[in-house]
Amino acid sequence: VTVGRDYMEFFTIIVWATVILIMFLAKLKAIQDFYVAAIILSIMVIANADQLFKGFRFYKVFLVLRKSLRKDCVSTLILALGCLAAHGRWPESWTPGVALHLGSLVAWLTCGVQTSPLVTCGLFVGGKNQLTKVQLMLRVASQFLGCVLAFAAFGLWYSFRVPGQGPFNHLVSPQSVVGATVAFAASVLHIKHWDSRVEKSLGRQPQANKDQ
């Protein structure tokens, strides 16, 4: 049995999809166009990351961290969407903004995923040989893409739900700044404590070998 491809049908579908997308974008406001563009651009970067980074020196590092970076990006997207959904339900509350930062700290402590540049920078500043500058850059970039997808998708939805109102009015507050500071400081202190425990355990091993 020979299975052929109807390229003309495939081309027709692409044309109609493009026409529908253009008609949809034509009816959007400027800020909604920005949200859509941010979503499309972020998806394109994620889907074509191999080709984009192939010519750079850090490409080998990217290949080693690719699964972790993908996991960080998806985890960041899920955490941010959850907090943004709570923000959409209770727009006057500052709790979702705080939960976004503290949730990143909890996610790293419990699951080992890095969903916030603050936590990643805390590991870089407080840890010894935890991250190189290239690894830091790649981690932050993956988290940034996850945040862009989450915030753009929420902003687009909110612009249809409540036209004319800012979607992030109470997400950034003095309380959320305190939460961000706590997340950064806690990650620095925790990784310092972890490194000191590792050093002590390694220091005891030679002494134990001598005693034997």
Side-chain angles (χ1 to χ4, degrees), residues 29-39 41-42 45-46 68-127 130-131 133 135-196:
K29 298 178 181 178
I31 188 62
Q32 293 171 332
D33 288 336
F34 172 78
Y35 290 142
V36 172
I39 293 171
L41 183 61
S42 298
V45 171
I46 294 172
S68 298
L69 295 175
R70 188 181 297 117
K71 188 176 180 180
D72 287 351
C73 183
V74 173
S75 300
T76 302
L77 173 64
I78 293 173
L79 175 63
L81 279 178
C83 294
L84 288 169
H87 174 63
R89 179 65 178 83
W90 299 284
E92 301 297 326
S93 175
W94 48 262
T95 304
V98 177
L100 180 63
H101 298 295
L102 297 184
S104 297
L105 178 63
V106 173
W108 172 62
L109 292 174
T110 58
C111 303
V113 293
Q114 300 179 28
T115 59
S116 169
L118 292 171
V119 173
T120 302
C121 290
L123 299 180
F124 180 76
V125 172
Q130 291 291 329
L131 292 169
K133 291 182 180 180
Q135 292 171 339
L136 173 68
M137 177 194 68
L138 292 174
R139 292 275 190 178
V140 171
S142 66
Q143 297 157 11
F144 176 75
L145 287 173
C147 282
V148 169
L149 281 172
F151 277 77
F154 175 79
L156 182 63
W157 170 78
Y158 201 85
S159 66
F160 286 108
R161 181 175 178 267
V162 188
Q165 294 189 18
F168 315 115
N169 285 342
H170 298 278
L171 193 66
V172 179
S173 63
Q175 292 86 348
S176 67
V177 174
V178 173
T181 305
V182 169
F184 175 77
S187 61
V188 171
L189 294 176
H190 186 274
I191 200 61
K192 280 182 176 292
H193 177 66
W194 175 265
D195 284 342
S196 64

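For the single chain, residues carry numbers from 1 onward in sequence order.
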Between V178 and V98, is there a side-chain heavy-atom distance shorter than 4.5 Å? no
Can you name the nearest heavy-atom pair linking V188 to G126, along with the distance? CG1-CA, 3.9 Å
Testing the basics here: between F154 and L84, what is the closest heavy-atom pair and its distance to 0.1 Å? CE1-O, 3.1 Å
Nearest heavy-atom approach of A183 to H101 is CB-O, 3.7 Å
For S187 versus G122, what's the shortest heavy-atom pair and its separation? OG-CA, 3.4 Å
Rounding to 0.5 Å, atoms CD1 (I39) and CZ (F151) come to a distance of 13.0 Å
If I take atom CZ from residue R70 and atom OG from residue S68, how far apart are they, to the nearest 0.5 angstrom? 10.0 Å
Is there a donor-acceptor pair closer than 3.5 Å between any side-chain N or O of S196 and the backbone N or O of H193? yes
With salt bridge (Lys or Arg N to Asp or Glu O under 4.0 Å) as the rule and sequence neighbours excluded, what pairs involving residues 169-194 come up? none
Using side chain to side chain donor-acceptor pair (under 3.5 Å) as the criterion, list what pairs up with T181, not counting sequence neighbours. none
Once rounded to the nearest 0.5 Å, what's the spacing between atom OG1 of T95 and atom CG of L171? 11.0 Å
Any side-chain heavy-atom pair from C83 and L79 closer than 4.5 angstrom? yes
Looking at every non-hydrogen atom in both residues, tell me the closest pair between V113 and S75 and how far apart they are. CG1-OG, 3.8 Å
Distance (rounded to the nearest 0.5 Å) between L105 CG and S116 OG: 9.0 Å
Does some side-chain heavy atom of I46 sit less than 4.5 Å from a side-chain heavy atom of C73? yes
To the nearest 0.5 Å, how far apart are OG in S42 and CG in L149? 4.5 Å
Of all heavy-atom pairs between D72 and T115, which one has the smallest distance, and what is that distance? O-CG2, 4.4 Å
Check whether Q143 reaches the backbone of Q114 with its side chain - one donor and one acceptor, N or O, closer than 3.5 Å. yes
Output the distance between atom CD (Q135) and atom CZ (F124), rounded to the nearest 0.5 Å. 10.0 Å
Are any non-hydrogen side-chain atoms of F184 and C121 less than 4.5 angstrom apart? yes
Looking at W194, I want to see if its CH2 is surrounded by more than 12 non-hydrogen atoms of other residues, nucleotides or ligands under 6.0 Å. no
